[in-house]
2 protein chains.
Amino acid sequence: MDSSSTRRQNTRRKLFEAAVTLIAEQGFSSTTVDEIAERAGVAKGTVYYNFASKTVLFEELLRHGIELLTDSLQAAADETAERGGSRVDALDAMIRAGLDFITRYPSLTQLYVAELWRTNRAWQSTLMQVRQKAIAVIESVLREAVASGELSPEIDVPLTASALFGMVLVAALDWQSFQPERSIDEVHSALSRLLQGRVSGSR
Amino acid sequence: MDSSSTRRQNTRRKLFEAAVTLIAEQGFSSTTVDEIAERAGVAKGTVYYNFASKTVLFEELLRHGIELLTDSLQAAADETAERGGSRVDALDAMIRAGLDFITRYPSLTQLYVAELWRTNRAWQSTLMQVRQKAIAVIESVLREAVASGELSPEIDVPLTASALFGMVLVAALDWQSFQPERSIDEVHSALSRLLQGRVSGSR
DNA sequence: GAGCTTGAACTGACTGGTCAGTGCAAAAAG
DNA sequence: CTTTTTGCACTGACCAGTCAGTTCAAGCTC
């Protein structure tokens, strides 16, 4: 019962891995099921044995991926709390966690960005849920920080959360695509500085 | 020679307008040439009379669009300088210009984001140039600000430029898609606050 | 432990539809 | 009369999804 599903689980994993890179590179519509099957080392029929359709394969991939991200953001926030760090420290730790995630799963990130703001697509609602889960983690830390007086009560929590999310997302993708020679620490500290208002000189 | 091209210019414009919305919604591959022609109110043959291929149509669209953006960013920076504003004021004006642009051309923005970090696509190099032009405008203002002592010399100019770019881009798209009831001023001031380090309370 | 059974997993040739791009004669525009 | 647009039929490549058949592995029997 358990061992019998191992084989299947394994092919599904191989299909996810194959699909994520291909779709990130080429987009959903120009990636063919034959390509995915070939890259996964599996026959085309197997794809349809394991997933109802090309779209369903993609949706499950998105869901699986965002779970990894929210878990790691949440873990970063929690660990900071355990160590007794401030909420701003938690935001900083989340930036780091976001960067780590993007380093580990660059294709997944690319693909997510490419699809997120499209309307009229089959998986639109899947993406909305997925986005909301990630943003919610950031928002809750922001709210705690406001409550504890660490952040100004004037900040607009939802807008700030999405701006932070976007800042990390785009900076990280740009780093990977256009300046891969930079170290993760350089990127992290540039973003950290922006967050903590140490850009405008003075102080 | 000039007036003779007016008519042609007009159909090209109609084709751009039709293509930009369709491709933003559905992606390049799942948008058909027949659809583009129909929405533009033009025969399919006309598309091929005016553009060598579907891909070329798209590339010219990208080029045309980014010109609009860089021009408006540059204009915002220049006007600030003329009014004798600081370089940080110029960055703020550019954020505003970016938001205005995205409000005016949401489809173009969506489409740009969706394609920018993909590799292995036909128009990859077009996009690289296009991105570099936009980022360069931001970088030059940052550098001036560092030179004049307004910003800390420790900031990493290229990374900060792309983080700012991303911050505005993602916040604006999120605003349009998920919180359209917000006013542009609310969005602007949330981003402005982030830029000027007025997020972390104290001060 | 050799042989048999069963259901789950996998295979790949095939089908039906879609779509980029072509060709061309005739009309409209200027 | 030159440039541009139209309308429409056609081609050939490509591709999502199907299905009849094959392989695999775990259990069962003697």
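If you're wondering where the values come from, they're calculated on a predicted model, not measured in any experiment. Chain identifiers are assigned alphabetically (A, B, ...) following the order of the sequence lines, protein sequences preceding nucleic acid strands; residue numbering begins at 1 within each chain. Scope of the values below: all heavy atoms of this structure, side chains included, with no hydrogens, waters or symmetry mates.
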Figure out the [atom1]/[atom2] separation between [X] and [N], and round it to whole Å.
X        : N       : atom1 : atom2 : result
Asp34(B) : dT6(D)  : CG    : C1'   : 14 Å
Arg12(B) : dT4(D)  : CZ    : P     : 11 Å
Glu38(A) : dC15(D) : CD    : C1'   : 14 Å
Lys14(B) : dT5(D)  : NZ    : P     : 8 Å
Arg13(A) : dA9(C)  : CZ    : C1'   : 16 Å
Phe51(B) : dA20(C) : CZ    : C1'   : 16 Å
Gln9(A)  : dC10(C) : CD    : P     : 11 Å
Arg8(B)  : dT4(D)  : CZ    : P     : 5 Å

Relative to the 5' end of DNA chain C, which residue comes earlier, Thr46(A) or Tyr48(B), by the nucleotide with the nearest heavy atom?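 With Thr46(A) and Tyr48(B) compared, the 5'-side residue is Thr46(A).
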Between Arg182(A) and Asp156(B), does at least one N-O distance fall below 4.0 Å, as a salt bridge requires?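 Salt bridge present between Arg182(A) and Asp156(B).
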Taking atom CG of Leu194(A) and atom CD1 of Ile155(B), what is their separation to the nearest 0.5 Å?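 Result: 9.0 Å between the selected atoms.
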Has the side chain of Lys44(B) got a donor or acceptor that lies under 3.5 Å from a partner of the other kind on the base of dG7(D)?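 A donor-acceptor contact between them is absent.
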Phosphate OP1/OP2 of [N]: any [X] side-chain N/O under 4.0 Å:
X        : N       : value
Tyr49(B) : dT4(D)  : yes
Thr11(A) : dC10(C) : yes
Asn50(A) : dC10(C) : yes
Arg7(B)  : dA29(C) : no

Heavy atoms only, 4.0 Å cut-off, all strands: where does [X] land among base, sugar-phosphate and nothing?
X        : result
Val42(B) : sugar-phosphate
Ser30(A) : nothing
Ser29(A) : nothing

Are Ser29(B) and Ser29(A) close enough that a side-chain donor and a side-chain acceptor fall under 3.5 Å?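 Note: Ser29(B) and Ser29(A) side chains miss the donor-acceptor criterion.
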Is the closest side-chain donor-acceptor distance between Asn10(A) and Arg13(A) under 3.5 Å?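 Note: Asn10(A) and Arg13(A) side chains meet the donor-acceptor criterion.
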Map Phe28(A) and Gly45(A) onto DNA chain D by nearest heavy atom, then report which one ends up closer to the 5' terminus.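 By nearest-heavy-atom nucleotide position, the 5'-most residue is Phe28(A).
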Cation-pi check, Lys54(B) to Phe28(B): give yes when NZ or CZ is under 6.0 Å from the six-membered ring centre and within 45° of the ring axis, no otherwise.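 Yes, a cation-pi geometry holds between Lys54(B) and Phe28(B).
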Between dC10(C), dT6(D), dC19(C), which nucleotide has the shortest distance from any of its atoms to the side chain of Thr32(B)?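 Output: dC19(C).
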